[in-house]
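Reading through the structure tokens given below for one structure.
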Amino acid sequence: MPTHQAMNLHTPNSYPSTRLPLFARNIVSTSHPLAAQAGLRMLLQGGNAVDAAIAAAAALTITEPVSNGLGSDAFCILWDGQQLHGLNASGTAPTAWTPGYFHRKHGSDALTPPKRGIDSVTVPGAVAGWAALSERFGRLPFADLMQPAIELAERGCAVPVVVRQKWAAATPELQSQPGFAEHFLPWGRAPQVGELFKFPAAARGLRAIAESKGEAFYRGPIAQALARFAAQHGGALTEADLAAFRPEWVAPIGQDYRSHTLHEIPPNGQGIAALIALGILSNFDLASMPVDSVAAQHLQIEAMKLAFADVYRYVAEPGAMDVSTEQMLDPAYLRGRAKLIDRQRAQDFGAGNPAKGGTVYLSAADEHGMMVSFIQSNYMGFGSGTVEPLFGISLQNRGHGFNLSSGPGRNTANLVAPGKRPFHTIVPAFLTKDGQPVMSYGVMGANMQPQGHVQTLVRLLDHGQSVQAACDAPRWRFDAGLHINVESAMDPATVQGLKDLGHQTRLIDDPYQDFGAGQFIWRLGDPASEGYVAASDPRRDGQAVGY
């Protein structure tokens, strides 16, 4: 495999950043230094990239409780040294969930399950995902992988700036949810920067998970506690729902672009949006345009709009979808969609007809060639806001992603049903060339994730930027209609040019809240001799570590 594929490592980085890329043969890159160190600890103990990723993921439930917890969902794409594998560890709806269940409890005009509270909670999948990854690909004992997180929960960790910001923002809405104040407001308020956060209940939960290889969570004392907690607060989650859950091994889907292939997890996730957008952009010569030009940014924005129009209309659990992923990615269909783009003006696109033709991200790689792209989330900040008290299970609110109505314009494939997975926003990404691994990467932030996948990949493959420059460059985020949020560091001339084309732009000074952050590990060649280069996004407190 060629060295330094499609990326000039010597090109100066023209964007403001305090980050330097890391070159090493064994790397863990996360959004929190202590989580990265937890993963590195596993590598130094003789573990592999999967062991490192699981340890980092467990640690992040303590260091960044706003973004994820033991009650999260997760997805993974990994290269095992020979081929790609995908894991869907997103949870399913409780057996009692139907549109009628929610309409009786929350009103007949409800369009989605609640945003917060126990009726927003599906079966948490992350712990089952950790166990499945460890059993199939891990090298170290599963209990060892939980030890750094247990220590962090028992001894505590200082609250960093970005985590504190989100913690304070979520507190007014969630402070009355069961278990929230007890576990996340021990000071009687949100923490200050640098205050020590301890989570002894989660340490108890992590120990039970460690000792049972995750079985306690789904068919043991944690499952029993979760079912009691749900019943006590009017929820529908039962022991039977938890016992029935299994994560699913899936084949990643891909889109060829500039002699490379971007891989995403298939629906029920939104990763296909990035593939659609790239398929549309392949009809344009972006490399001939300046990297930060109005023309280049306009084409990417319009391609993402077209992608989201189809994703929001059609994507759900695969068995319920009206169209297939193959139909949505059909080259002829995407060429037709590309023709809808007007280079002179912004548009508000509707869905086409393909049938006619809070989150944390981490990456790890080792010198034996294993590369892991892993994402884990409780969805919105602190998820449902509910926390099972005995084992400290902070529960996600993924149920809010379902629809309750099959009316005009609604995604009827995503209608809630027992045992069904909802539409999901978290998506890891992986890049290959000629069937060989090139980069494991991802960004965070709801619908920013596929947008970030596309924007950074265009910079890498069309414009030859380094991973750190692609990480640092200012981004935009499509919202709805003609509305886009623009990072305040973007060139004012570019912003004005987008406005002149009809984009309704809003400058944002808070990059984490609206533009996510990412981790990138690019393979330089033979990992045993040349290793990798890793970039960590300056929008978060994280870093890459390695040796």
Side-chain angles (χ1 to χ4, degrees), residues 75-79 83-90 247-284 300 302-341 349-357 373 401 403 410-415 417 420-438 442 447 449-451 453-454 457-458 461:
F75 294 87
C76 179
I77 302 176
L78 72 94
W79 177 265
Q83 66 183 90
L84 278 180
H85 304 267
L87 182 66
N88 182 335
S90 64
E248 182 182 3
W249 292 102
V250 297
I253 55 177
Q255 174 68 54
D256 293 339
Y257 187 76
R258 312 307 189 218
S259 301
H260 291 70
T261 304
L262 176 65
H263 303 268
E264 302 274 356
I265 293 288
N268 54 314
Q270 67 172 341
I272 193 172
L275 305 185
I276 293 171
L278 287 178
I280 291 170
L281 289 172
S282 66
N283 293 279
F284 301 93
Q300 292 172 68
E302 297 299 279
M304 283 307 319
K305 288 181 186 177
L306 286 161
F308 278 129
D310 280 358
V311 165
Y312 293 151
R313 173 63 182 83
Y314 296 115
V315 168
E317 193 170 65
M321 287 174 59
D322 301 322
V323 299
S324 67
T325 57
E326 291 80 9
Q327 288 171 317
M328 296 181 75
L329 295 174
D330 179 72
Y333 173 67
L334 297 182
R335 281 195 297 272
R337 296 293 273 170
K339 291 177 182 178
L340 297 177
I341 294 177
F349 299 104
N353 185 6
K356 290 198 319 187
S373 180
N403 289 332
R410 303 287 291 174
N411 183 353
T412 56
N414 192 41
L415 200 67
K420 186 176 181 180
R421 287 185 169 99
F423 175 83
H424 237 279
T425 58
I426 59 173
V427 286
F430 203 101
L431 188 70
T432 63
K433 182 177 183 181
D434 301 326
Q436 295 299 307
V438 175
N447 74 345
Q449 292 172 59
Q451 299 186 63
H453 292 182
V454 169
L457 202 61
V458 165
L461 301 186

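Throughout, residue positions are numbered sequentially from 1 according to the sequence presented.
- In this structure, the side chain of T261 does not engage the main chain of T432 through any donor-acceptor pair within 3.5 Å.
- Counting only heavy atoms from C-beta outward, the side chains of P354 and D330 never approach each other to under 4.5 Å.
- Minimum interatomic distance between S90 and R421 (heavy atoms only, all atoms of both residues): O-NE, 2.7 Å.
- By the ring pair (Phe, Tyr, Trp, His ring centres under 6.0 Å) test, F308 pairs with Y312, sequence neighbours left out.
- At a threshold of 4.5 Å between non-hydrogen side-chain atoms, the residues L87 and L78 do not count as touching.
- Atom CG of L281 and atom CG of L334 lie 10.5 Å apart (nearest 0.5 Å).
- For the pair I426 and F75, the minimum side-chain heavy-atom distance is below 4.5 Å.
- Atom NE2 of H85 sits about 12.0 Å away from atom CD1 of I77, to the nearest 0.5 Å.
- Residues R410 and N403 have side chains that bring a donor and an acceptor to within less than 3.5 angstrom of each other.
- Shown here for P252 and L84, the closest heavy-atom pair between the two residues is CG-CB, 4.4 Å.
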**OP:** Take V454 and Q451 through the test side-chain contact (heavy atoms from CB on, under 4.5 Å) and record every step on the way to the result.
**Re:** CA-CA 5 Å; V454 169; Q451 299 186 63; 6.0 Å; no
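- The aromatic rings of W79 and F430 sit parallel to each other, their planes meeting at less than 30°, with 60° as the upper class boundary.
- Nearest heavy-atom pair, A320 versus A413, reported as atom, atom and distance to 0.1 Å: O-CB, 3.2 Å.
- Nearest approach of L329 to G254, heavy atoms of both residues: CD1-O, 4.0 Å.
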**OP:** Take L306 and F349, measure what side-chain contact (heavy atoms from CB on, under 4.5 Å) needs, and give me the verdict at the end.
**Re:** CA-CA 6 Å; L306 286 161; F349 299 104; 3.4 Å; yes
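- Remark: the backbone N or O of V427 is paired with a side-chain donor or acceptor of Q449 at under 3.5 angstrom.
- The nearest pair of heavy atoms linking E264 to P428 is OE1-O, 3.1 Å.
- The distance from the CD1 atom of I341 to the CD atom of Q300 is 10.5 Å, given to the nearest 0.5 Å.
- Between the CE atom of M328 and the CD atom of Q255 there is a distance of 12.0 Å, given to the nearest 0.5 Å.
- With rounding to the nearest 0.5 angstrom, the CG atom of L340 is 12.5 Å from the NZ atom of K305.
- Contact of the V323 side chain with the Y333 side chain is not registered, since no non-hydrogen atoms from C-beta on lie closer than 4.5 Å.
- With N414 contributing its side chain and A316 its backbone, the two residues share no donor-acceptor pair below 3.5 Å.
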Pairs under 3.5 angstrom only: tabulate donor-acceptor contacts from the side chains of residues 269-279 to other protein residues two or more places apart or in another chain.
residue : atom : partner : partner atom : Å
Q270    : NE2  : T425    : O            : 2.7
Q270    : NE2  : A446    : O            : 2.9

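- Within the model, atoms CG of D322 and CD of Q327 stand 10.0 Å from one another, a figure rounded to the nearest 0.5 Å.
- Of all non-hydrogen atoms in R258 and H260, the two that sit nearest each other are O-ND1, 2.9 Å.
- With sequence neighbours excluded, no residue forms a ring pair (Phe, Tyr, Trp, His ring centres under 6.0 Å) with H263.
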